[in-house]
Novice: 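Before I ask anything, let me first share the structure, which is written out below as structure tokens.
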2 protein chains.
Amino acid sequence: MISSKLFGAYKLFFGTLANDSRLKIVNVLRDGPQCVNEICESTRFEQSLVSHNLKILEYHGMVFVERKGKYRYYTLNKKTIQPLLELIDAHMKQYCCKILEGQR
Amino acid sequence: MISSKLFGAYKLFFGTLANDSRLKIVNVLRDGPQCVNEICESTRFEQSLVSHNLKILEYHGMVFVERKGKYRYYTLNKKTIQPLLELIDAHMKQYCCKILEGQR
DNA sequence: TAAATATATGAAATTAAATTCATATGAAGA
DNA sequence: TCTTCATATGAATTTAATTTCATATATTTA
């Protein structure tokens with residue numbers, strides 16, 4: 001049995017990424033760091049939504065921020081998040097194709 | 001840029017595991033297959049809740065069912081879900097200890 | 001075949017998360 | 001220092017997911 005602490009961790013982890021906006025932001029950042037305005041443009045989301053969600057992503061160690069003058073550059077955590085996304089690709093491609101094609 | 005299809009896949013994947021009940025069920029199944037009643041006992045969840053969530057887990061390829069007489073045995077997908085959980089362990093231990101200790 | 005056991009399911013009720021709106025903060029340039 | 005640009009944030013609203021309750025179905029056993 002895993003510890004209840006680690007158990008809570010899973011909840012936090014999945015909860016953070018079970019959201020369209022954050023998922024899109026994370027994917028946009030796969031191409032490299034961007035400041036908030038750039039993320040707004042890339043995602044077509046409004047600024048407030050982007051900020052709220054960046055905060056959540058940062059809080060969970062999925063992105064890092066660096067201030068450069070008046071800009072804040074957000075970077076994806078490539079050490080853990082990137083390989084994870086790839087593993088999930090593999091799972092979904094194998095088991096969830098039907099779902100994605102809409103044929104239940 | 002990832003395809004929108006794969007993008008939808010992420011949403012499905014994380015959404016499925018961003019839930020206390022399903023997470024607990026998945027963890028219980030790490031120790032080996034169990035039928036619904038056994039899962040109810042292991043998790044202390046009521047039967048209806050367990051069934052609803054097993055259905056979701058199965059639908060996303062995270063568990064498999066096998067009927068044995070009047071019982072239905074559920075097995076964790078060890079090929080993809082188990083290694084995934086381990087990768088996530090690593091991420092959370094490194095980046096989310098503070099969160100889990102309650103010190104924001 | 002009637003009763004008991006195991007599991008599933010629809011729909012209502014509950015609970016929680018996400019988005020928007022209005023506004024605040026903070027740095028930089030005129 | 002006033003204005004503008006970049007970003008953050010609280011609170012209200014909206015939207016969505018989860019749980020519960022009542023009941024259905026399916027298999028086995030008496």
Side-chain angles (χ1 to χ4, degrees), chain A residues 7-29 33-60 62-76 96 99 104, chain B residues 7-29 32-76 96 99 104:
Chain A
F7 180 72
Y10 286 121
K11 177 74 187 308
L12 285 172
F13 183 89
F14 291 116
T16 303
L17 290 178
N19 170 279
D20 282 333
S21 309
R22 291 194 284 278
L23 230 24
K24 193 155 189 184
I25 292 170
V26 160
N27 270 299
V28 155
L29 291 179
Q34 293 188 13
C35 72
V36 180
N37 261 335
E38 288 171 327
I39 296 172
C40 288
E41 280 167 30
S42 307
T43 58
R44 305 313 244 128
F45 295 153
E46 69 157 331
Q47 184 267 318
S48 175
L49 178 61
V50 170
S51 276
H52 275 300
N53 283 310
L54 281 173
K55 195 183 180 183
I56 293 170
L57 288 170
E58 191 203 351
Y59 183 54
H60 294 92
M62 293 175 182
V63 301
F64 305 116
V65 210
E66 198 191 347
R67 171 167 248 144
K68 268 187 191 153
K70 58 179 176 177
Y71 302 97
R72 280 164 176 272
Y73 279 88
Y74 283 86
T75 312
L76 187 65
C96 299
I99 302 175
R104 191 169 190 159
Chain B
F7 180 72
Y10 285 122
K11 176 74 188 306
L12 285 173
F13 183 90
F14 290 116
T16 303
L17 290 178
N19 170 280
D20 282 334
S21 308
R22 291 193 285 277
L23 231 23
K24 193 157 187 180
I25 290 170
V26 160
N27 270 299
V28 156
L29 291 177
Q34 293 189 14
C35 72
V36 179
N37 261 336
E38 289 171 326
I39 297 172
C40 288
E41 280 168 29
S42 308
T43 58
R44 304 312 246 126
F45 295 153
E46 70 156 329
Q47 184 268 316
S48 176
L49 178 60
V50 169
S51 277
H52 276 299
N53 283 311
L54 280 172
K55 195 183 181 185
I56 294 171
L57 288 170
E58 190 203 350
Y59 182 54
H60 293 93
M62 292 175 184
V63 302
F64 305 117
V65 210
E66 198 191 347
R67 169 168 250 144
K68 270 187 191 154
K70 59 178 174 176
Y71 302 97
R72 283 165 175 271
Y73 280 87
Y74 284 86
T75 312
L76 188 64
C96 300
I99 302 175
R104 192 164 190 161

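Lettering of chains follows the sequences in order, A, B, ..., and the numbering in each one begins at 1. In this text, all values refer to a predicted model and were calculated from it rather than measured experimentally.
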Novice: Give the intermediate values and the outcome of side chain to side chain contact (heavy atoms under 4.5 Å, CB included) for residues Tyr74(B) and Leu29(B).
Specialist: CA-CA 8 Å; Tyr74(B) 284 86; Leu29(B) 291 177; 4.2 Å; yes
Novice: I'd like a table of atom pairs between the protein and nucleotides 27-30 of chain D - only N or O on both sides, under 3.5 Å - with the distance next to each one.
Specialist:
none

Novice: With sugar-phosphate meaning primed atoms plus P, OP1 and OP2, does Tyr74(A) contact a base, only sugar-phosphate, or nothing at under 4.0 Å between heavy atoms?
Specialist: sugar-phosphate
Novice: To the nearest angstrom, how far is Asn37(A) atom CG from dT4(D) atom C1'?
Specialist: 13 Å
Novice: Residues in ring pair (Phe, Tyr, Trp, His ring centres under 6.0 Å) with Phe13(A), at least two apart?
Specialist: His91(B)
Novice: Within less than 4.0 Å of OP1 or OP2 of dA6(C), is there a side-chain N or O belonging to Arg72(B)?
Specialist: no
Novice: In B/S/- notation, 5' to 3', how is nucleotides 13-25 of chain C contacted by protein heavy atoms closer than 4.0 Å?
Specialist: -----SSBBB---
Novice: Evaluate side chain to side chain contact (heavy atoms under 4.5 Å, CB included) for Thr75(B) paired with Glu66(B), printing each intermediate quantity in order.
Specialist: CA-CA 8 Å; Thr75(B) 312; Glu66(B) 198 191 347; 5.5 Å; no
Novice: Is the closest side-chain heavy-atom distance between Asn53(B) and Ile56(B) below 4.5 Å?
Specialist: yes
Novice: Quick one: does Arg72(B)'s side chain get under 4.5 Å of Leu54(B)'s, heavy atoms only?
Specialist: no
Novice: Nearest whole angstrom, please: distance from the P of dT7(C) to the CZ of Phe45(B).
Specialist: 17 Å
Novice: What is the distance from atom CG of Leu49(A) to atom CD of Gln47(A), rounded to the nearest 0.5 Å?
Specialist: 9.5 Å
Novice: Between Cys40(A) and Phe45(A), is a side chain to side chain contact (heavy atoms under 4.5 Å, CB included) present by the stated rule, with each step listed?
Specialist: CA-CA 5 Å; Cys40(A) 288; Phe45(A) 295 153; 5.9 Å; no
Novice: What is the distance, rounded to the nearest whole Å, between atom CG of Leu23(B) and atom P of dA17(D)?
Specialist: 17 Å
Novice: For the pair made of CG in Leu57(B) and P in dT18(D), what is the distance, rounded to whole Å?
Specialist: 11 Å
Novice: Angle between ring planes, Tyr71(B) versus Tyr73(B), binned at 30° and 60°: parallel, tilted or perpendicular?
Specialist: tilted
